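Ligands are counted one by one from 1 in listed order, and the atoms in each one are counted from 1 as well. Remember, predicted model here, so these are calculated numbers, not experimental data.
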Amino acid sequence: MHKTDMPNKNRFFLAGVVGWPISHSFSPLMHNYWIKQNKCIGLYLPLAVQPSGLATALSVLKPLGFSGCNVTIPHKQMALKIVDEVDETANTIGAISCITVKKNGSLLGTNNDWYGFVANLKYEYPGWRADTGPAVVIGAGGASRAVCYGLMREGVKEIRLVNRTFSSADLLASQLGTSIKPLPWETRHKALEGVTIVVNTTSQGMIGQPALNISLDHLPKNAIAADIIYTPLETPFLTMAKKRGNPTLNGIGMLLYQGIPAWKQWFNIETTVSLELRKIMESSLITG
Ligand code: ATR
């Protein structure tokens, strides 16, 4: 933390996460750790808000003294229409993950999910280079949009996008850029040829869901297999990749790293992802 950015001792640092349901969220654990680590007095709250109450809930952030909030399922797209201002990145991705209450009380929507994915990838694999080969992204939902945006911003020249419903992949590609090549679902196995990274953004492999149905036979041995799922920490897709010797990346790091720009936006504090925080998050994910 920079000296000039030292938090005001009289300030109460208040933020939260708006979602429905929200009781499963690990964000409060992470942000309340940072409140302590940065010697702030404050609180980060889980806010259970139904879609019908979203606009009202956001309108009281300012009078209640919130610096801002995260936005999660199912509000990421609806919140974009409610806030006063949306930055260019969130507009491109088509969803917001974070709201900052500006000094004048207006609400600014941003998206930090892409940053979380890229920052974690670069931390875990500093030797990975975006321009050395294509990437495969599986899935074409909201999370896929953030991952594709992040990979493009890093300089990946070709993103092969495979999705069960081709039309969603096609639409995403037409909105995000020409480096994204939508491909039919049946081609997902072969699409792995020559890539530097493959990312699962579907719900397949999550606790309670079947494993992602894909063969890794065509995946180069040095390609990174990444999953944005963190329940479980190791999905069947990652287990399969690990078994054949591929480097892997689980989803917890994306959640951790997207918190860093949020802290800068809300509190003007540069916080960090410590090993201790990662361990606390991982062990609470295991114990539930
Ligand atoms: P998120 O916002 O978390 O990305 P989402 O928008 O619901 O969630 O997207 C879920 C993704 O998982 C979609 O790409 C979805 O594919 P479809 O567009 O065909 O629905 C994918 N998905 C869900 N169930 C799947 C399954 N059984 N097999 C393959 N893909 C699946």
Charged N to carboxylate O under 4.0 angstrom, E276 versus K36?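 Salt bridge flag = no for K36 with E276.
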Do the charged groups of K76 and D113 touch, with an N to O distance under 4.0 Å?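 Yes, charged N to carboxylate O under 4.0 Å.
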As a test of the contact definition, would atom 8 (O) of ligand 1 count as having a protein heavy-atom neighbour under 4.0 Å?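 So atom 8 (O) of ligand 1 lacks protein heavy-atom neighbours under 4.0 Å.
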Under 3.5 Å, is there a donor-acceptor pair linking the side chains of [X] and [Y]?
X	Y	result
T271	W263	no
K264	N268	yes
S106	N104	yes
S274	Y33	yes
D227	T235	yes
R11	S67	yes

Q204 N/O under 3.5 Å from ligand 1 N/O: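 Yes, Q204 has an N/O under 3.5 Å of an N/O on ligand 1.
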Atoms in ligand 1 with a heavy atom of [X] nearer than 4.0 Å:
X	answer
T165	17 (P), 18 (O), 19 (O)
W185	29 (C)
G139	14 (O)

Donor-acceptor pair, distance only, cut-off 3.5 Å: does the side chain of R244 make one with the backbone of L219?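 Yes, the answer is positive, given that a donor and an acceptor are paired below the 3.5 Å cut-off.
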Can you pull out the closest protein heavy atom to [atom]? Residue, atom name and distance to 0.1 Å, please.
atom	result
atom 23 (C) of ligand 1	S203 OG, 3.4 Å
atom 6 (O) of ligand 1	G141 CA, 3.3 Å
atom 11 (C) of ligand 1	T202 CA, 4.0 Å
atom 4 (O) of ligand 1	A143 N, 3.0 Å
atom 2 (O) of ligand 1	G142 N, 3.3 Å

Tell me which part of N163 gets within contact of ligand 1: side chain, backbone, both or neither, using heavy atoms under 4.0 Å.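 For N163, the contact with ligand 1 is made by the side chain alone.
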Using a 4.0 Å heavy-atom threshold (strictly under), name the region of Q209 that reaches ligand 1: side chain, backbone, both or neither.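 For Q209, there is no contact with ligand 1 at all, from either part.
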If hydrogens are left out, which of R164, Q77, K76 has an atom nearest to atom 25 (C) of ligand 1, that is, the closest non-hydrogen atom?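 Result: the heavy atom closest to atom 25 (C) of ligand 1 is in R164.
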